[in-house]
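Following: one structure in structure tokens, then a few remarks.
Values below: all heavy atoms of this structure, side chains included; hydrogens, waters and symmetry mates excluded. Convention: sequence-line order gives letters A, B, ...; per-chain numbering from 1.
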2 protein chains.
Amino acid sequence: MVRPGGRSARVQASVHSAVRELEAEVGRPALTVPLVAARAGVTPSTIYRRWGDLQELLSDVAVERLRPEAPPEDHGSLSADLRNWAEQFLDEMASPGGRAYIRDALLGDPDGDNAGRCSAYAAEQIGIILGRATERDEDTPDAETVIDRVVAPIMYRILFRPDGLAAAYAHRLVGEALERRGTAG
Amino acid sequence: MVRPGGRSARVQASVHSAVRELEAEVGRPALTVPLVAARAGVTPSTIYRRWGDLQELLSDVAVERLRPEAPPEDHGSLSADLRNWAEQFLDEMASPGGRAYIRDALLGDPDGDNAGRCSAYAAEQIGIILGRATERDEDTPDAETVIDRVVAPIMYRILFRPDGLAAAYAHRLVGEALERRGTAG
DNA sequence: ACCGTGAAGCAATATCTTTGCTTTAAGATA
DNA sequence: TATCTTAAAGCAAAGATATTGCTTCACGGT
């Protein structure tokens, strides 16, 4: 029987907060399970038993921070919506903090579950944008295409070649992904 | 002064071998620095001082294993070369072992150095393919385009959505990346 | 053949991880 | 509301890993 509320929930919240606070205060390299436990007012064995190790805990926290907080802004057209979303996505993900979260999320994730969740967040936001475009009767690519053409290149560069990423790159990708579509009806 | 040869080199080789052997024998989750050290005939402190921790050592080993061993096969045309290369790339990288290496390479890599190296390997292979195409007077995209259109989507899916990846996907990406190019001179 | 030096060995210490057992409190039942 | 059940947390001891000062070794230069 699952017990989503009560003590377990309090412990989880308190541990997550402790991670976020300590990440800011001492930096991630200095994070340890006992340190987090002390700040959270919990014994280390609680963390080991619930999360396994520090990496899985960090992965958990990272995924939470990567979850979008609001649907993408509506700028009145598919291309404006996508441009804006891609720019923000790149900004957030390419920042030092964003990169650390992505890595953490991928890292302590034996079954690929958390990584899948991150990808689903992006897919969801894109789905909203494309849904709006469809309602406006715009010619709309499918979400997979946008992921291949826009999200994947951004993530690849963030992970493998973190230098020289700027909004212009996101804009170019969006432009290319939408090429030869503006004229249909 | 750098000392590439001699004892240091022997230690490095022996430690790398130990990692590879033990990865196969006991599995990566059971790997520990003391275990590797014992197999390599080295004291643990040597490993800690040279590599910092297990993750960085694994990252090191992983990058070595991701280095291509030969230039891409020549099939007589850009599209055949790229199709073949992409298919092999996907096969190797999407296999359980390949995915583990990619993750390890990204993981113990504080400065993004090893990740950059992996990306450079792919870029180099692609450069060879495109160079051949240019010599044949084919209309040739630049390497960045191939990375954005072919490599990035493959890597994104391997890392974030490991299900349902097959050669057909790689072929489709190559086809789309080369679209509207075959007819030029 | 002999230094100088960077890297490896050794060993003591500090820290983290694991685990068996006990205690707590959430949620169900009456 | 009192009681019961049980998943999860606490505690503490044992085990393993990580760190570090000092010593020893051997490569590369003179």
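Atoms CG (B:Leu54) and C1' (D:dA16) sit 14 Å apart, rounded to a whole Å. Between the CZ atom of A:Arg7 and the P atom of D:dA9 there is a distance of 6 Å, rounded to whole Å. Here the P atom of nucleotide C:dT18 and the CD atom of A:Glu56 are 11 Å apart, to the nearest Å. Atom pair A:Ile47:CD1 and C:dT19:C1' shows a separation of 17 Å (rounding to whole Å applied). The separation between A:Leu35 atom CG and C:dC16 atom P is 8 Å, rounded to whole Å. Rounded to whole angstrom, the span from the CH2 atom of A:Trp51 across to the C1' atom of D:dA9 amounts to 11 Å.
Where B:Ser45 and A:Pro34 meet DNA chain C, the nucleotide closest to each residue was compared, and B:Ser45 sits on the side nearer the 5' end.
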For residues 14-23 of chain A, dump all side-chain donor-acceptor pairs below 3.5 Å to protein atoms at least two apart in sequence or in another chain.
from    : atom 1 : to      : atom 2 : distance (Å)
A:Ser14 : OG     : A:Ala40 : O      : 2.8
A:Ser17 : OG     : A:Ala13 : O      : 2.9
A:Glu21 : OE1    : A:Arg39 : NH1    : 2.6

Show every donor-acceptor pair shorter than 3.5 Å between a side-chain atom in residues 82-89 of chain A and any protein atom, with sequence neighbours excluded, or say none if there are none.
from    : atom 1 : to       : atom 2 : distance (Å)
A:Arg83 : NH2    : A:His171 : ND1    : 3.3
A:Asn84 : ND2    : A:Ala80  : O      : 3.3
A:Glu87 : OE1    : A:His171 : NE2    : 2.8

Which pairs would a plain distance check flag for residues 105-112 of chain A, meaning a side-chain donor or acceptor within less than 3.5 Å of a matching protein atom at least two apart in sequence or in another chain?
from     : atom 1 : to       : atom 2 : distance (Å)
A:Asp109 : OD1    : A:Asp113 : N      : 3.2
A:Asp109 : OD1    : A:Asn114 : N      : 3.1
A:Asp109 : OD2    : A:Asp113 : N      : 3.4
A:Asp109 : OD2    : A:Asn114 : N      : 3.1
A:Asp109 : OD2    : A:Ala115 : N      : 2.9

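Remark: A:Thr43 is in phosphate contact with D:dG10, judged by side-chain N or O atoms under 4.0 Å from OP1 or OP2. Between A:Arg10 and the phosphate of C:dA26, there is a side-chain N or O to OP1/OP2 separation shorter than 4.0 Å.
Between B:Ile129 and B:Leu78, the closest heavy-atom pair is CG2-CD1, 3.9 Å.
Applying the 3.5 Å distance criterion, the base of D:dC27 shares no donor-acceptor pair with the side chain of B:Ser8. Side-chain to base pairing of A:Arg49 with D:dG10: one donor and one acceptor N or O lie within less than 3.5 Å of each other.
Looking at residues two or more places apart in sequence or on another chain, you find a side-chain hydrogen bond (donor to acceptor under 3.5 Å, both in side chains) between B:Glu144 and A:Arg157, A:Arg161. Applying the salt bridge (charged side-chain N to carboxylate O under 4.0 Å, His left out) test to B:Arg99 and every residue at least two apart in sequence or in another chain returns nothing.
Using a 4.5 Å cut-off on side-chain heavy atoms (C-beta onward), B:Arg132 and B:Asp74 make contact.
Of the residues in residues 12-33 of chain B, none lies under 4.0 Å from DNA chain C by heavy-atom distance.
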